[in-house]
Every structure is written in structure tokens, then in C-alpha cells.
Amino acid sequence: MLEFAPICIYLVISLLVSLILLGLPFLFASNSSTYPEKLSAYECGFDPFGDARSRFDIRFYLVSILFIIFDLEVTFFFPWAVSLNKIDLFGFWSMMAFLFILTIGFLYEWKRGALDWE
């Protein structure tokens, strides 16, 4: 347990710093949010034209989720490329299998029409 002491100390210190930084604004903030002008919407000095909470098309969310999924999978290429000379053929073919599965997932999304914007 003694070998984990620096990690535990680091976690406790980071937790305390986080809680202090989260609590300081509540101690020093004034109660200026009670004014109705502060709570109203603001659009460059004009009265708001419409509701600020407009609806977004679901395709924006779908494209962003697909981007995150494929972007995270691409990050696996960097350690593979750096250690390619040490992992021999097993590492190469395991990455080719990963790329094959990734390509099948991409083709499936494309065939389902998730990438169409019409």
C-alpha cells in the first residue's frame, strides 16, 4: 500500500483543489441575478426576435456521434504506427482486422443513409 501513497496524495490534493475552485465563486458572487434585466435574453441590444431554444435537426447529432466514433477509432492508428517495427506480423494483421471491421461499420452506416443530408 505504501507504493500507492503518492498516487493517493495526488488524488486527494486534486480533489481538494477542484472543490475549492468550485466553491470560491459561490463565496464571492453577488446576488445580482435577481434583477429581471439580467435574466432576460439579449440579442445585440435588440429585443429577442424568437425563442432562443430552437430545435436542431437530428442529423446534426447523428453526424457528430458518427464523427466521434470514427475519430476515436482513428486514434488507435498512432500507437500502432509507432510500434509497427516491434509488433511483427501479428500486430499488422490485427490492425488489418480492426480496419476491416471499421470499414464494414462505415459501409453499413453509408448504406443505411446516415451520411445522406437531404
Given side chains that start at C-beta, do those of Thr103 and Phe106 come closer than 4.5 Å, heavy atoms only?
-> no
Is any side-chain heavy atom of Trp80 less than 4.5 Å from a side-chain heavy atom of Ile87?
-> yes
Spacing of CG belonging to Leu99 relative to CH2 belonging to Trp93, to within rounding of 0.5 Å = 11.0 Å
Is any side-chain heavy atom of Leu11 less than 4.5 Å from a side-chain heavy atom of Leu15?
-> no
Is Phe77 reachable from Leu72 through a run of hydrophobic residues whose side-chain heavy atoms are each under 4.5 Å from the next?
-> no
side-chain contact (heavy atoms from CB on, under 4.5 Å) evaluation trace for Ile69 with Glu73 | CA-CA 6 Å; Ile69 288 171; Glu73 290 175 350; 4.0 Å; yes
Path from Ile9 to Val17 over hydrophobic side-chain contacts below 4.5 Å | yes
Linked, directly or transitively: Leu66 and Ile101 (ILVMFWY side chains, under 4.5 Å) | no
Joint hydrophobic cluster, Phe98 plus Met96, side-chain heavy atoms closer than 4.5 Å | yes
Measuring from Cys8:SG to Ile13:CD1, what's the distance to the nearest 0.5 Å?
-> 11.5 Å
So Trp110 and Leu107, side-chain contact (heavy atoms from CB on, under 4.5 Å) or not? Walk me through it.
-> CA-CA 5 Å; Trp110 190 2; Leu107 291 175; 4.0 Å; yes
If you count the non-hydrogen atoms of other residues, nucleotides and ligands that lie under 6.0 Å from CG in Leu2, is the total more than 12?
-> no
Can you hop from Met95 to Val74 via hydrophobic side chains spaced under 4.5 Å?
-> yes
